[in-house]
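Numbering starts at 1 and runs along the sequence shown.
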Amino acid sequence: MNSNLYWIWLSKIKISAISKKRLMEKYKVPANIWNLKEIELNEIVSSSEVKEVLNPKYRQNLEGEWEFIKKYNIQIVNYLHKYYPENLKNIYDMPVVFYAIGNLERLRKKSVAIVGARQCSEYGRHVARELAKNIAGNNVNVVSGLAIGIDSEAHIGAGGNTIAVLGSGINVIYPNDNIGLAKDIIRKGGVIISEYPIGKKPERLNFPNRNRLISGLAEAVIVVEAGERSGSLITADFALEQGKEVYAVPGNITSTTSAGTNQLIYDGAMPIVSLKCFIGDVSFWVILTHWGHILFSLIPQDEK
């Protein structure tokens with residue numbers, strides 16, 4: 001069987017990313033996992049996950065999905081692929097395979113994530129777009145989640161220097177309002193990725209799971225606006241767990257969309273104090289002198 005079909009099958013199985021990683025560490029290629037018996041699987045994954053691995057429904061229509069993938073120039077990027085991002089390899093629950101469409105070279109560039117509220121203010125929109133524009137202007141990717149609000153502004157500001165991470169299948173752009181933006185990202189040289197299988201609908205639990213990849217791809221995470229229970233705060237939590245630096249844009253203390261970012265700053269996140277700190281080459285990385293060294297290392301060696 002075509003090796004790509006095994007990767008498609010593995011992406012469809014509803015078991016944790018950690019369990020898939022353990023299986024791959026022991027059996028090296030998904031074709032070997034395909035042939036495992038229940039007794040062998042029980043040594044690595046839970047009994048409920050064994051049932052998922054052996055479920056015949058995940059082995060259906062693999063050829064059809066492969067034809068769809070080829071037709072629409074979708075790439076299957078497994079963890080052995082030359083374009084698999086090094087940053088993702090460093091998170092404990094890395095996806096062993098994901099789908100991508102667009103310019104895969106983006107996956108080899110340094111990245112900063114910009115995330116924030118869907119229901120954002122005009123202030124937040126402006127800040128997100130300008131920060132993204134200046135980050136992208138220094139040949140650094142902007143990573144975000146293609147949601148409406150701050151995410152959209154970040155992608156727009158970054159132009160082609162952006163990675164959009166979906167909480168649905170690569171062919172299921174959500175929300176529908178951002179289909180045009182997704183096409184612009186690809187046309188301008190950006191890339192869209194998803195660890196979910198072809199045709200996967202957006203579900204509530206997909207998005208917190210997706211957020212670990214947004215932070216995982218990036219060297220640092222900037223939260224522009226966020227409510228007290230915003231999903232962006234989940235991304236910030238993932239970033240901290242992954243050893244990434246978290247930045248936040250301070251806002252009006254009477255604004256509900258700044259409650260989360262102001263709390264992040266109170267809890268120790270670095271405040272973004274001026275858009276001017278993100279303009280220029282070296283000065284772009286000097287947010288304030290006492291922490292400027294954190295991001296300075298992102299500048300390509302030939303540009304320092």
**OP:** Answer yes or no: is there a side-chain heavy-atom contact under 4.5 Å between Leu146 and His155?
**Re:** yes
Subject >> Within-4.5 Å side-chain heavy-atom neighbours: Ile74 and Phe68 >> reply: yes
Original post:
Should the pair Asp93-Arg212 be classified as a salt bridge under the 4.0 Å nitrogen-to-oxygen rule?
Top reply: yes
**OP:** Step through the shown structure and confirm whether more than 12 heavy atoms of other residues, nucleotides or ligands are within 6.0 Å of CZ on Arg187.
**Re:** yes
Original post:
Backbone N or O of Gly159 within a donor-acceptor pair of the Thr162 side chain at under 3.5 Å?
Top reply: no
Original post:
Does Glu241 CD have over 12 foreign heavy atoms under 6.0 Å away?
Top reply: yes
Original post:
Mind checking whether Leu104 and Val191 have side chains closer than 4.5 Å, heavy atoms only?
Top reply: yes
**OP:** Indicate yes or no: at least one non-hydrogen side-chain atom of Pro85 is less than 4.5 angstrom from one of Arg108.
**Re:** no
Original post:
Between Asn178 and Ser152, is a side chain to side chain contact (heavy atoms under 4.5 Å, CB included) present by the stated rule, with each step listed?
Top reply: CA-CA 8 Å; Asn178 274 353; Ser152 294; 3.0 Å; yes
Subject >> salt bridge (Lys or Arg N to Asp or Glu O under 4.0 Å) involving Asp267 - partner list, sequence neighbours excluded >> reply: none
Original post:
Is there a donor-acceptor pair closer than 3.5 Å between any side-chain N or O of Asp151 and the backbone N or O of Gly145?
Top reply: yes
Original post:
Can you check whether Ile192 reaches Ile186 side chain to side chain, under 4.5 Å on heavy atoms?
Top reply: yes
**OP:** Quick one: do Glu52 and Tyr58 satisfy side chain to side chain contact (heavy atoms under 4.5 Å, CB included)? Show the steps, please.
**Re:** CA-CA 8 Å; Glu52 290 293 308; Tyr58 299 123; 2.4 Å; yes
**OP:** Give the ring-plane orientation class for Trp34 versus Trp9, where under 30° counts as parallel, over 60° as perpendicular and anything between as tilted.
**Re:** perpendicular
Subject >> Test item: Lys244 side-chain N/O and Val221 main-chain N/O as donor-acceptor pair under 3.5 Å >> reply: no
Original post:
Is it true that Lys37 and Glu40 have a side-chain N and a carboxylate O under 4.0 angstrom from each other?
Top reply: no
Original post:
What distance do Arg210 atom CZ and Ile193 atom CD1 have between them, rounded to the nearest 0.5 Å?
Top reply: 10.5 Å
Original post:
Looking only at atom types and distance, does a side-chain atom of Asn206 sit under 3.5 Å from a main-chain N or O of Lys201, one as donor and one as acceptor?
Top reply: yes
Original post:
How long is the gap from CH2 on Trp66 to CH2 on Trp7, to the nearest 0.5 Å?
Top reply: 13.0 Å
Subject >> Glu25, CD: over 12 other non-hydrogen atoms inside 6.0 angstrom >> reply: yes
Original post:
Do Ser194 side-chain atoms and Tyr196 backbone N/O form a donor-acceptor pair below 3.5 Å?
Top reply: yes
Original post:
Taking it one step at a time, do Phe98 and Tyr84 satisfy ring-ring contact (aromatic ring centres under 6.0 Å, His included)?
Top reply: CA-CA 9 Å; Phe98 62 82; Tyr84 192 97; 5.5 Å; yes
**OP:** Any chance you could lay out the salt bridge (charged side-chain N to carboxylate O under 4.0 Å, His left out) test for Lys51 and Glu38, step after step, and finish with the verdict?
**Re:** CA-CA 8 Å; Lys51 292 179 181 178; Glu38 182 175 350; over 6 Å; no
Original post:
Salt-bridged, Lys133 to Glu130, with N to O below 4.0 Å?
Top reply: yes
Subject >> Side chains of Met94 and Lys21 in contact at under 4.5 Å (non-hydrogen atoms) >> reply: yes
Original post:
What do the steps show when you test Lys14 against Glu49 for side chain to side chain contact (heavy atoms under 4.5 Å, CB included), and what is the final call?
Top reply: CA-CA 8 Å; Lys14 291 183 179 180; Glu49 290 188 322; over 6 Å; no
Original post:
Where is the tightest heavy-atom contact between Ile148 and Gln119, given as atom of each residue plus distance?
Top reply: CD1-NE2, 4.4 Å
Original post:
Is Phe238 linked to Val115 within one hydrophobic cluster, defined over Ile, Leu, Val, Met, Phe, Trp and Tyr using a side-chain heavy-atom separation of less than 4.5 Å?
Top reply: no
**OP:** Give the intermediate values and the outcome of side chain to side chain donor-acceptor pair (under 3.5 Å) for residues Ser121 and Glu225.
**Re:** CA-CA 8 Å; Ser121 68; Glu225 281 189 327; 2.6 Å; yes
Original post:
Taking everything shown except Asn2 itself, do over 12 heavy atoms lie less than 6.0 Å from its CG?
Top reply: yes
Original post:
Please walk me through it: do Ile69 and Tyr99 pass side chain to side chain contact (heavy atoms under 4.5 Å, CB included)?
Top reply: CA-CA 9 Å; Ile69 287 167; Tyr99 298 90; 3.7 Å; yes
Subject >> Flag if over 12 foreign heavy atoms under 6.0 Å of NZ, Lys89 >> reply: yes
Original post:
Is there a chain of hydrophobic side chains (I, L, V, M, F, W, Y, each step under 4.5 Å between heavy atoms) that links Ile76 to Leu10?
Top reply: yes
**OP:** Please check if the side chain of Asn138 supplies one atom and the backbone of Asn134 the other of a donor-acceptor pair under 3.5 Å.
**Re:** yes
Subject >> Sub-4.5 Å side-chain heavy-atom contact between Leu23 and Asn32 >> reply: no
Subject >> Spacing of Asp237 atom CG and Gln242 atom CD [to the nearest 0.5 Å] >> reply: 10.5 Å
Original post:
Is there a chain of hydrophobic side chains (I, L, V, M, F, W, Y, each step under 4.5 Å between heavy atoms) that links Met1 to Ile33?
Top reply: yes
Original post:
What residue among Glu219, Lys109, Arg106, Lys110 forms side-chain hydrogen bond (donor to acceptor under 3.5 Å, both in side chains) with Asn141?
Top reply: Arg106
Original post:
Where the side chain of Ser255 meets the backbone of Asn252, is there a donor-acceptor pair that is under 3.5 Å apart?
Top reply: no
Subject >> From CD (Glu105) to CG (Leu107), nearest 0.5 Å >> reply: 9.0 Å
Subject >> Nearest heavy atoms of Ala154 and Ala132, plus distance in Å >> reply: O-CB, 3.1 Å
Original post:
Leu41 and Ile18: same hydrophobic cluster, using ILVMFWY side-chain contacts below 4.5 Å?
Top reply: no
For a quick test of your reading: what N or O donor-acceptor pairs under 3.5 Å do the side chains of residues 163-173 make, sequence neighbours left out?
unit_1, atom_1, unit_2, atom_2, d
Ser168, OG, Val172, O, 2.5
Asn171, OD1, Gly199, N, 2.8

**OP:** Can you label the angle between the Phe207 ring and the Tyr174 ring as parallel, tilted or perpendicular, going by 30° and 60°?
**Re:** tilted
**OP:** Would you confirm whether Ser16, through its side chain, and Ser19, through its main-chain N or O, come within 3.5 Å as a donor-acceptor pair?
**Re:** yes
Original post:
In Å and rounded to the nearest 0.5 Å, what is the OG to CZ distance from Ser232 to Arg118?
Top reply: 7.5 Å
Original post:
For Tyr83, does the OH atom sit with more than 12 other heavy atoms under 6.0 Å from it, leaving out its own atoms?
Top reply: yes
Original post:
In a check of salt bridge (Lys or Arg N to Asp or Glu O under 4.0 Å) between Glu65 and each of Lys70, Lys12, Lys200, which one passes?
Top reply: Lys12
Subject >> Thr235 side chain reached by Ile214 side chain, heavy atoms, under 4.5 Å >> reply: yes
**OP:** Determine whether Val77 and Tyr6 fall in the same hydrophobic cluster, where Ile, Leu, Val, Met, Phe, Trp and Tyr are linked whenever their side-chain heavy atoms lie under 4.5 Å apart.
**Re:** yes
Original post:
With respect to Asn161, which candidate in Val142, Val140, Asn139 satisfies the side-chain contact (heavy atoms from CB on, under 4.5 Å) definition?
Top reply: Asn139
Original post:
Looking at Ile265 and Pro271, what are the two nearest heavy atoms and their distance?
Top reply: CD1-CB, 3.9 Å
Subject >> Straight-line distance of Ile222 CD1 to Leu264 CG, nearest 0.5 Å >> reply: 12.5 Å
